[in-house]
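These notes concern the structure reproduced below.
Convention: sequence-line order gives letters A, B, ...; per-chain numbering from 1. Values below: all heavy atoms of this structure, side chains included; hydrogens, waters and symmetry mates excluded. Bear in mind that the values here come from a model prediction, so they are computed numbers and not experimental data.
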Amino acid sequence: MPLNDQQRARLEKIRELRARGIDPYPPRATRTVTTSEAIERFLRLEPTLGGEPDPEPVTVAGRVVSIRDMGRTVFSHVRDGTGALQLYLRRESVGDEPLAWFKRYIDLNDFVEADGHLFRTRTGEVSIQVTAVRLLSKAVNPPPDKWHGLTDVETRYRQRYVDLMTNPETREIFRIRAQVIRAIRRYLDERGFLEVETPTLQPIYGGAAARPFTTYYHALDQTFYLRISDELYLKRLIVGGYERVYEICKDFRNEGIDARHNPEFTMLEFYVAYADYRDIMDMCEELIVFAARQALGTLQVPWGSQRIDLTPPWPRLTLREAILRYTGIDFLEVTDQPTLYARARELGADVRPDTVWPRILDELLKTFVRPNLIQPTFLYDYPVALSPLAKRKPEDPRLVERFQLFVGGLELANAYSELNDPLDQLYRFLEQARDRARGDEEAMPIDEDYINALMYGMPPTGGFGLGIDRLVMLLTNRQTIREVILFPQLRSKPEPLGLAEDLRPYLDLVPGVQESLPTGDSSPTNAE
RNA sequence: GGGCCGCUAGCUCAACUGGUAGAGCAGCUGACUCUUAAUCAGCGGGUUGGGGGUUCGAGUCCCUCGCGGCCUACCA
């Protein structure tokens, strides 16, 4: 795709600037205040200025986001990381030549810095009366539509930098995301947790049921897996004697991509010795309330056309009660597959005659229960078959001490009293191995080292996992996980942008470059 | 994996049953001493996602490929 007229015009301006001895990419800026500091400063001083400009000069810097040329006067807004400020370039104060230079060479998206005096325009906007202006960085590409911005979702994800520079809502999402994560760390740090880092590349994957990404480690001559979970490592640390550990990390699951799933996603897991799943439930509620307060300042969050109230306490009901309520089926009574299958079919669930009992149950949960759980709700006490790492309930060994948190119809968190009996753990692994042999690709492999760790003794422990991306979806009212991930996974475009060839004629503009280089293959990984 | 929808200028969008591809913004040239979606006059800008087919004629119909979105399947 050849360069367009706007790109060519800007490149020619770079040529002319270089010819005039002006570096379009100088190494340093000299700003003295941010735009928001400048405005605060002026508002503070204004009462003492008697309508005159602030005599103390300041220097601001930023991206040029608007230019209004009035002839002998030019108005322009520059935006930096804190806000925006209007430049007022007047011939009498900036000078004839510099004004003409600005009009000739400065375009939207360029970075500039301006010296001048703060004042208020006749229309009431705090601005800077510019005495000198310098180019900090020349932009070759123009911005998208100034009124509609960039709306094409594919481009917004592929070129997130353009999305961020044009759409303030996008910038806000990732600001909130950072605050959520900061709040989570603060909550845990203040309660004596140790933040740890465990392997991303694992020789045996575990801790969840999912297909892993596989890679090859040449130095070790061995296949490795990108972690699908850090659970088994964190529990080894509990065995080692730490009482409270947590990790916030990327997990990788080689499965479908949709509105709620990205193949790499951010997970919080924490483990607390001498706690059980009820203690964890309390902490979960407290943690999310804390994060929402810190990031949003409120517990009332809009969710599509609905509204979610995070005010605790949140309802807690057993999985049995929930499924009974929405389907009329009591899974503790209907324990055989044929009957459960028949009942599920009556309700219209998408199950097949060979669907195993726990899967039918999961289908009921997904189809009939989950969509109704808009307000935060804990479901607890799950069948053992669904939870190979959770401890059985002493009063009913068919169930495990496990809960999940649902909000806005999203599965947000998953937790249990950790299974610390090495023999039972081995039994569960063997069950998984059996399912695996039957073709369940997502059943967990046996991790004997983990059994060995449990044989050294693990205290009663409560564990917790939270999907950070989904929590951010909830708190920013986004229905798609891609909206809360800076660079979501997309299929590569088959053809490169072609810039290597298009920009070639301009390479003489690089200072000191004589020799011409061959055009590199810009995307070797996309070769068919 | 399956189904449906989409892809037109740098951006946001038009173009009836097939009949000369347009507008706004952005750009370029010029005017203008407080504008803020500045305004006014003029000008340029397109492989209509790629390829093929039908037709006198295709943005439009058909086939195919690519990318994206939604739904679905899978994801305890």
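Scanning for side chain to side chain contact (heavy atoms under 4.5 Å, CB included) contacts around A:Leu347 gives A:Thr327, A:Ile329, A:Leu364, A:Phe368, with sequence neighbours left out.
Residue contacts for A:Glu255: at a heavy-atom cut-off of 4.0 Å it reaches the sugar-phosphate backbone alone, with no base atom in range. A:Ala210 comes within 4.0 angstrom of nothing in the nucleic acid, heavy atoms only. Counting non-hydrogen atoms under 4.0 angstrom, A:Leu490 reaches the backbone sugars and phosphates but no base. Counting non-hydrogen atoms under 4.0 angstrom, A:Phe119 reaches a base of the nucleic acid. Residue-level contact check: A:Ala259 touches neither bases nor backbone, having no heavy atom under 4.0 Å from any strand.
Closest approach to the A:Lys366 side chain among B:rU33, B:rC74, B:rC28 is made by B:rC74 (side chain taken as heavy atoms from C-beta onward). Picking from B:rC75, B:rG27, B:rA76 the nucleotide with the shortest atom distance to the side chain of A:Arg402 gives B:rA76. Taking every side-chain heavy atom of A:Thr480 into account, B:rC70 is the closest of B:rC70, B:rU33, B:rC74. For A:Phe75, whose side chain is taken as the heavy atoms from C-beta onward, the closest listed nucleotide among B:rG68, B:rC34, B:rA26 is B:rC34. Which of B:rU36, B:rA76, B:rG68 sits closest to the side chain of A:Arg491 comes down to B:rG68. Minimum atom distance to the side chain of A:Leu386 is reached by B:rA76, of the listed B:rU35, B:rU12, B:rA76. The side chain of A:Pro144 approaches B:rC11 more closely than any other nucleotide in the set B:rC11, B:rG68, B:rG10. Side-chain proximity of A:Glu92 to the nucleotides B:rU35, B:rU33, B:rA76 is greatest for B:rU33. Side-chain proximity of A:Arg482 to the nucleotides B:rU36, B:rC70, B:rC75 is greatest for B:rC70.
Taking atom CG of residue A:Asp110 and atom P of nucleotide B:rG27, one finds them 11 Å apart after rounding to whole Å. B:rC11 atom C1' lies 12 Å from atom CG of A:Leu108, rounded to whole Å. In this structure, CZ of A:Arg253 is placed 13 Å from P of B:rC75, rounded to the nearest angstrom. One interatomic measurement links the two molecules: CG of A:Leu99 to P of B:rC32, which rounds to 13 Å at whole-angstrom precision. Atom pair A:Glu411:CD and B:rC75:P shows a separation of 13 Å (rounding to whole Å applied). Atom CG of A:Leu150 and atom C1' of B:rC25 are 14 Å apart (whole Å). Rounding to whole angstrom units, CG of residue A:Asp258 and C1' of B:rG1 are separated by 14 Å.
Counting atom types as modelled, A:Asp145 pairs a side-chain N or O with a base atom of B:rG24 as donor and acceptor under 3.5 Å. Applying the 3.5 Å distance criterion, the base of B:rU35 shares a donor-acceptor pair with the side chain of A:Gln86. Judged by atom type and distance alone, A:His148 does not reach the base of B:rC11 through any side-chain donor-acceptor pair under 3.5 Å.
With P as the reference atom, B:rG59 and B:rG19 are 10 Å apart, rounded to whole Å. With C1' as the reference atom, B:rC11 and B:rA37 are 14 Å apart, rounded to whole Å. Nucleotides B:rC34 and B:rA38, compared at atom C1', are 11 Å apart to the nearest Å. Remark: the separation of the P atoms in B:rA14 and B:rA9 is 12 Å, to the nearest Å. Nucleotides B:rA23 and B:rC65 are separated by 37 Å at their P atoms, to the nearest Å. Taking atom P in both B:rG44 and B:rC28, one finds a spacing of 16 Å when rounded to whole Å. Nucleotides B:rC7 and B:rA76 are separated by 36 Å at their P atoms, to the nearest Å. Here the separation of B:rU55 from B:rC62, taken at their P atoms, is 16 Å to the nearest Å.
Across every strand in view, B:rU36 sits unpaired, with no contact that passes the Watson-Crick or G-U test at under 3.5 angstrom. Nucleotide B:rG46 is matched to nothing when pairs are restricted to Watson-Crick or G-U wobble geometry with both distances under 3.5 angstrom. Base pairing of B:rG68: its partner is B:rC5, meeting the Watson-Crick or G-U wobble criterion (both donor-acceptor distances under 3.5 Å). Across all strands shown, B:rG59 forms no Watson-Crick or G-U wobble pair with both distances under 3.5 Å. Both distances falling under 3.5 Å, in either a Watson-Crick or a G-U wobble arrangement, place B:rG22 opposite B:rC13. Nucleotide B:rC74 is matched to nothing when pairs are restricted to Watson-Crick or G-U wobble geometry with both distances under 3.5 angstrom.
Between A:Tyr88 and A:Phe75, the ring center distance clears the sub-6.0 Å criterion. In summary, the aromatic rings of A:Phe378 and A:Phe403 are positioned with their centroids under 6.0 Å apart.
For A:Thr170 and A:Asp163, the side-chain atoms include at least one donor-acceptor pair closer than 3.5 Å. Neither side chain, A:Thr73 nor A:Arg90, offers a donor N or O lying under 3.5 Å from an acceptor on the other. Donor-acceptor pairing under 3.5 Å is recorded for the side chains of A:Gln404 and A:Tyr382. Side-chain contact annotation: A:Gln86 with A:Ser127, donor-acceptor N/O pair under 3.5 Å present.
Contact annotation: A:Arg90 does not reach the phosphate of B:rU33 (side-chain N/O to OP1 or OP2, under 4.0 Å). For A:Arg470 and B:rC75, the shortest distance from a side-chain N or O to OP1 or OP2 is not below 4.0 Å. Between A:Arg72 and the phosphate of B:rA31, there is no side-chain N or O to OP1/OP2 separation shorter than 4.0 Å. Between A:Ser127 and B:rU35, a side-chain N or O to OP1/OP2 separation shorter than 4.0 Å is absent. In terms of phosphate contacts, A:Arg8 brings no side-chain nitrogen or oxygen within less than 4.0 Å of OP1 or OP2 of B:rG10.
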Scan nucleotides 38-43 of chain B against the protein and return all N/O pairs shorter than 3.5 Å with their distances rounded to 0.1 Å.
| residue | atom | partner | partner atom | Å |
| --- | --- | --- | --- | --- |
| B:rA38 | OP1 | A:Lys146 | NZ | 2.3 |
| B:rA38 | N6 | A:Asp69 | O | 2.9 |

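The 5' end of RNA chain B is approached more closely, in terms of each residue's nearest nucleotide, by A:Gln489 than by the other of A:Gln404 and A:Gln489. Across the interface with RNA chain B, nearest-nucleotide mapping of A:Gln432 and A:Lys13 shows A:Lys13 to be the residue nearer the 5′ end.
Without hydrogens or angle criteria, A:Glu40 side chain to A:Glu37 main chain gives no donor-acceptor distance under 3.5 Å.
A pairwise comparison of heavy atoms in A:Asn167 and A:Leu150 identifies ND2-O, 3.1 Å as the closest pair.
Counted within 6.0 Å of CZ on A:Arg260, heavy atoms from surrounding residues, nucleotides or ligands total 12 or fewer; the atom is thus considered open.
Taking the ring centre of A:Phe487 as origin, the terminal cationic atom of A:Arg160 falls outside the region bounded by 6.0 Å and 45° from the ring axis.
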* A:Tyr205/A:Asp251 under side chain to side chain donor-acceptor pair (under 3.5 Å): CA gap, chis, key distance, verdict -> CA-CA 11 Å; A:Tyr205 59 93; A:Asp251 288 348; over 6 Å; no
